[in-house]
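The structure under discussion appears below in the form of structure tokens.
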Amino acid sequence: MPSASLKKFNDMVAKEVEIDKRVHSDAEEKLILDEIHRHQRRKPYYIPAYALEMQILTGTRRGEIPPLRKTDVHEKYIEFSREQITVKKFGDRLEYFEIVDHTKTYRNRYFPCSDILREFLERLSAVHEKYYPDSIYLFPADNDNGVITNNTVYEYYRRICNKLGIKLCRDEIKGTHSFRRNAITDVVNASGGNLVLAAKLFGNSPAVACKNYYTGINESDALAALNRRRLSQGKS
């Protein structure tokens, strides 16, 4: 039977879960996006569905999504300069959410508008024109801050996974942060291993991106590269 001291430090000595077990597969990500789009067609006014889609498309920290304003969206990029933080319960004070004028790293980040992100923003703009014309925020809500909360987006994500039969195993720690790992891995692989580029896009240092987010090379791409190298070496 484990001693009291061993129980106390059990979490500290447990083996860390491998990064590639903390992401959704491409197939799962597509299922989630398809379900989000179905929900948007049924209930186009439901803002958390758009917030989750944006998190998937941009790999953004979930606290950076709620405070986004319409003025943060520019022709060629989106500026991330604020964050919604969760202030934990303390004494008689209940947990609440507060928007601060900085990101986690205290650096503004400028995320380029890809074609798919631009198409998403156009759809979101149409929803705003019809349902939320007076809000300055991309993801408005009727509360003290005027925006949705981190918890609202996570609960929506959890319901989708339950509906699709995607298990959210505590040991493998997925959650909405998994989309950040997916996005960083995709960019690193698509750019030929450019961790510096991924770090600039997603607001991490290259070392942190590599250690905590990059799940590894795409094996089919790596094999194709090795085959190309072998063929070129065989030529006279």
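Excluded from the calculations below are hydrogen atoms, water molecules and symmetry mates; all remaining heavy atoms, backbone and side chain alike, are included. These numbers come from a predicted model, not from an experiment.
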message: Can you tell me if Arg42 has over 12 outside heavy atoms packed within less than 6.0 Å of its CZ?
response: yes
- prompt: So does Glu155 pair up with Arg159, basic N to acidic O under 4.0 Å?
  reply: no
message: Check Glu64 with Lys104, please: is the shortest side-chain N to carboxylate O separation under 4.0 Å?
response: no
task: Give, for atom OG1 of Thr103 and atom CD of Glu83, the distance between the pair rounded to the nearest 0.5 Å.
output: 7.0 Å
query: Hey, does Met54 have a side-chain heavy atom less than 4.5 Å from the side chain of Phe139?
result: yes
Student check: side-chain heavy atoms of Pro112 and Tyr110 closer than 4.5 Å: no
- prompt: What's the shortest heavy-atom distance between Ala183 and Gly59, and which atoms?
  reply: CB-CA, 3.8 Å
message: What's the separation between atom CZ in Arg123 and atom OH in Tyr50, rounded to the nearest 0.5 Å?
response: 7.0 Å
Sidechain N-carboxylate O distance under 4.0 Å for Lys30, Asp34: yes
task: Would you name the heavy atoms of Glu29 and His24 that are closest together and state the gap between them?
output: N-CB, 4.4 Å
- request: Identify the two heavy atoms, one from Tyr46 and one from Tyr156, that lie closest to each other, and give their separation to 0.1 Å.
  value: CE2-CD1, 3.6 Å
Closest non-hydrogen atom pair, Cys113 against Leu117: CA-CD2, 4.1 Å
task: Starting from the C-alpha separation in whole Å, work towards a yes-or-no answer on side chain to side chain contact (heavy atoms under 4.5 Å, CB included) for Glu53 and His37.
output: CA-CA 9 Å; Glu53 181 176 7; His37 293 155; 2.9 Å; yes
query: Atom CG of Leu195 and atom NZ of Lys211: how far apart are they, to the nearest 0.5 Å?
result: 14.5 Å
query: Looking only at heavy atoms, what is the nearest atom pair of Arg109 and Thr60, with distance?
result: NH2-CG2, 3.7 Å
task: Give the cluster check for Leu68 versus Leu121: same hydrophobic cluster or not, with ILVMFWY residues linked at side-chain heavy-atom distances below 4.5 Å.
output: yes
message: Side-chain heavy atoms nearer than 4.5 Å, only ILVMFWY residues, links allowed to pass through others: does that put Ile32 and Ile47 together?
response: yes
- request: Given side chain to side chain contact (heavy atoms under 4.5 Å, CB included), test Val147 with Ile99 step by step and report yes or no.
  value: CA-CA 10 Å; Val147 301; Ile99 295 174; 3.9 Å; yes
- prompt: Hey, mind stepping through Asn151 and Glu95 against side chain to side chain contact (heavy atoms under 4.5 Å, CB included) and telling me if it holds?
  reply: CA-CA 11 Å; Asn151 286 355; Glu95 178 180 279; 3.5 Å; yes
query: Do Arg62 and Gln84 get their side chains close enough for a donor-acceptor pair, meaning under 3.5 Å?
result: no
- prompt: Do Asn182 side-chain atoms and Ile56 backbone N/O form a donor-acceptor pair below 3.5 Å?
  reply: no
- prompt: If we only count heavy atoms from C-beta on, is the Glu98 to Thr86 side-chain gap below 4.5 Å?
  reply: no
statement: For residues 124-148, the side chain to side chain donor-acceptor pair (under 3.5 Å) pairs (sequence neighbours left out) are none
query: Rounded to the nearest 0.5 Å, how far apart are CG of Asn204 and SG of Cys210?
result: 11.5 Å
- prompt: Can you say whether the rings of Tyr154 and Tyr157 are parallel (under 30°), tilted (30 to 60°) or perpendicular (over 60°)?
  reply: tilted
- prompt: Is there a chain of hydrophobic side chains (I, L, V, M, F, W, Y, each step under 4.5 Å between heavy atoms) that links Leu201 to Val196?
  reply: no
- request: Give a yes or no on whether Ile116 and Leu31 share a hydrophobic cluster (residues Ile, Leu, Val, Met, Phe, Trp, Tyr; joining criterion: side-chain heavy atoms under 4.5 Å apart).
  value: yes
task: Measure the CG-CD1 distance between Leu52 and Ile65 for me, rounded to the nearest 0.5 Å.
output: 9.0 Å
- line: Taken to the nearest 0.5 Å, the spacing of Ile36 CD1 from Gln55 CD works out to 9.5 Å
field: Donor-acceptor pair between Asn150 and Arg61 side chains, under 3.5 angstrom
entry: no
- prompt: Within the side chain of Asp72, is there an N or O that forms a donor-acceptor pair under 3.5 Å with the backbone of Arg69?
  reply: yes
field: side chain to side chain contact (heavy atoms under 4.5 Å, CB included) assessment of Asp115 paired with Arg118
entry: CA-CA 5 Å; Asp115 291 341; Arg118 189 171 288 108; 3.7 Å; yes
Just list the side-chain donor-acceptor pairs under 3.5 Å for residues 73-82, sequence neighbours left out, or say none.
residue: His74; atom: NE2; partner: Thr71; partner atom: O; Å: 3.4
residue: Glu79; atom: OE2; partner: Asn108; partner atom: ND2; Å: 3.0
residue: Arg82; atom: NH2; partner: Pro67; partner atom: O; Å: 3.0

- prompt: Looking only at heavy atoms, which two atoms of Thr105 and Gly203 are closest? And how far apart?
  reply: CG2-O, 3.5 Å
Short side-chain to backbone donor-acceptor contact, Thr185 and Arg181, under 3.5 Å: yes
Hydrophobic cluster membership, Phe120 vs Leu138, 4.5 Å side-chain cutoff: yes
